[in-house]
Number of protein chains: 2
Amino acid sequence: MKQETRKDEIVNTAAKLFKEKGYSAVTMRDLATTMGIKAASLYNHISSKQDLLKTIIISIAEEFTNGMDAIINSEVSTISKLKEIINLHVAITANNTSGMASLNNDWMHLEEQLDYYLKLRTDYENNFLTIIKEGISNSEIKANNPEIIMFSMLTTLRSLYLWIPKKEDLNTSDLSNSLNDVLIHGINK
Amino acid sequence: MKQETRKDEIVNTAAKLFKEKGYSAVTMRDLATTMGIKAASLYNHISSKQDLLKTIIISIAEEFTNGMDAIINSEVSTISKLKEIINLHVAITANNTSGMASLNNDWMHLEEQLDYYLKLRTDYENNFLTIIKEGISNSEIKANNPEIIMFSMLTTLRSLYLWIPKKEDLNTSDLSNSLNDVLIHGINK
DNA sequence: GTCTATACACTGATAGAC
DNA sequence: GTCTATCAGTGTATAGAC
């Protein structure tokens, strides 16, 4: 564990507030009050409010990109790859629920980094879709509309940040397994 | 079709802008400019910005409540009830994609109506969960964690607003059927 | 139904003292 | 690392003319 710097504290506090009210509704004075200091003091550690958003979102987006790159290049079955994608989302979200909220809801307020974020996001979705289409080709997956399959899985996984903090006794591997059951095998008997 | 009043035009334009940037990031001047008038003129038709949010969110929330009340009181199988819930979400979302974005993302900015909204939402989720638990009791549904089943279905359905506008050639009944396949029957062969 | 003019609180951010 | 003081710009909303 790296030592948490003052900037890290500010970023983490900002992420929590952004999760509650959204980037635009959180003022630098709100953030400073929560930290127990004055707004001007924040600027000794960060350069702008936008800097906070960028720091929160881009690091998580890159985690997803790196995870997906490893998965798509692994030589396992499609069903195994999908399980690994579920594990990836559960692991990243459990580690940073607040940041996931900003990633999902406030990416449009990125300025300089918006295009870069959108590229990471599009690439991720394309890789996900490729995996599903492979599964349909090799008959591991039913020939449903692949976009709907991806949409359904991805929106569930992207919304995990809403759900994980509610379960105080979270076991990430139990959660991954349950999601795998529901998302892959369906719910009807 | 009722005639669209000036207030309706303002509400619909506001919903579109709220969908793009979120309630807090949209200014009354933005809204006025989009309408082709000055900000002050808006106040001849509405009483406040908050009034717009309330109008957008509460009417949709009540549609969901009414739909759910009909479903939970119908005497059909659990699988049929779940199909009807999917139909309900597809129908409401197809009819008002922008409003669904505000419902999902900006409900926390409601003021007087916040508690009322939260009650409608909690009741809806409890009814949904009751239906799933009934299905497990009567062996229509696998004995997975019912909260995870609801979470997975509901987050997918709540995110439909992101997906429906992308499909220019939308056939709502095809979409409902595809979602039913994926959500109920799973994706693996 | 829309305008101009205006109020006045709040916003992100900087300068410079300690 | 935090403070006080401050600025220029923007926020919602109102009053009153046309």
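Protein chains get the first letters and strands the later ones, always in sequence-line order, with residue 1 at the start of each.
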Chemist: Using a cut-off of strictly less than 4.0 Å, decide whether B:Ser41 has a side-chain nitrogen or oxygen near OP1 or OP2 of C:dG1.
Modeler: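 The answer is no; no side-chain N or O of B:Ser41 sits under 4.0 Å from OP1 or OP2.
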Chemist: Let me know the distance between CD1 of B:Ile46 and P of D:dA13, rounded to the nearest Å.
Modeler: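 The answer, rounded to whole Å, is 7 Å.
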Chemist: Among residues at least two apart in sequence or on other chains, which ones pass ring pair (Phe, Tyr, Trp, His ring centres under 6.0 Å) with A:Tyr124?
Modeler: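 Here the qualifying residues are A:Phe64, A:His89.
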Chemist: Decide, yes or no, whether a salt bridge links A:Lys83 with A:Glu140 under the criterion of side-chain N to carboxylate O below 4.0 Å.
Modeler: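 Salt bridge flag = no for A:Glu140 with A:Lys83.
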Chemist: In whole angstroms, how far is the C1' atom of D:dT12 from the CG atom of B:Asp51?
Modeler: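 Rounded to the whole Å, the gap is 14 Å.
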Chemist: What is the distance from CG of B:Leu31 to P of D:dG11, rounded to the nearest Å?
Modeler: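 One finds 13 Å between P of D:dG11 and CG of B:Leu31, rounded.
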Chemist: So, using ring pair (Phe, Tyr, Trp, His ring centres under 6.0 Å) as the criterion, who are the partners of B:Tyr161 when residues are at least two apart?
Modeler: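 In terms of ring pair (Phe, Tyr, Trp, His ring centres under 6.0 Å), with neighbours along the sequence ignored, B:Tyr161 is linked to no residue.
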Chemist: Rounded to the nearest angstrom, tell me the gap between atom CD1 in B:Ile37 and atom C1' in C:dT2.
Modeler: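 Atom-to-atom, B:Ile37 to C:dT2, this comes out as 7 Å.
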Chemist: Distance check needed: D:dA13 C1' versus B:Ile10 CD1, whole Å only.
Modeler: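 To the nearest whole Å, that distance equals 14 Å.
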Chemist: Quick test of your reading of the model: are A:Asp123 and A:Lys119 salt-bridged, counting only N-O distances below 4.0 Å?
Modeler: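 Yes, A:Asp123 and A:Lys119 are salt-bridged.
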Chemist: If the condition is ring pair (Phe, Tyr, Trp, His ring centres under 6.0 Å), which residues does A:His109 pass it with, not counting sequence neighbours?
Modeler: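 Testing A:His109 for ring pair (Phe, Tyr, Trp, His ring centres under 6.0 Å), a comparison that skips the adjacent residues, returns A:Tyr23.
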Chemist: Which residues, if any, of residues 102-114 of chain A bring a heavy atom under 4.0 Å of DNA chain C?
Modeler: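 Those residues whose heavy atoms fall under 4.0 Å from DNA chain C, taken from residues 102-114 of chain A, amount to none.
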Chemist: May I have the distance from B:Leu52 (atom CG) to D:dG11 (atom P), rounded to whole angstrom?
Modeler: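 So the CG-P distance, B:Leu52 to D:dG11, works out to 16 Å.
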Chemist: Sequence neighbours left out, what passes side chain to side chain donor-acceptor pair (under 3.5 Å) with B:Thr27? Give chain and number order.
Modeler: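 Result, side chain to side chain donor-acceptor pair (under 3.5 Å) vs B:Thr27: B:Asp30.
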Chemist: Can you see whether A:Asp8 engages A:Thr5 through a side-chain donor-acceptor pair at a distance of less than 3.5 angstrom?
Modeler: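 There is such a pair (donor and acceptor under 3.5 Å, judged by atom type) between the side chains of A:Asp8 and A:Thr5.
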Chemist: Can you find a side-chain donor-acceptor pair between B:Thr156 and A:Thr156 that sits under 3.5 Å?
Modeler: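 Note: B:Thr156 and A:Thr156 side chains meet the donor-acceptor criterion.
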Chemist: Should B:Glu9 and B:Arg6 count as an ion pair when the cut-off is N to O under 4.0 Å?
Modeler: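 Salt bridge: yes.
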Chemist: Which nucleotide sits closest to the side chain of A:Asn44: D:dT4, C:dT2, D:dT2?
Modeler: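 Of the options given, the side chain of A:Asn44 lies nearest D:dT2.
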Chemist: Along nucleotides 11-18 of chain C, 5' to 3', which nucleotides get a B, which get an S, and which get a -, given that the test is a protein heavy-atom distance under 4.0 Å?
Modeler: BBBBB---
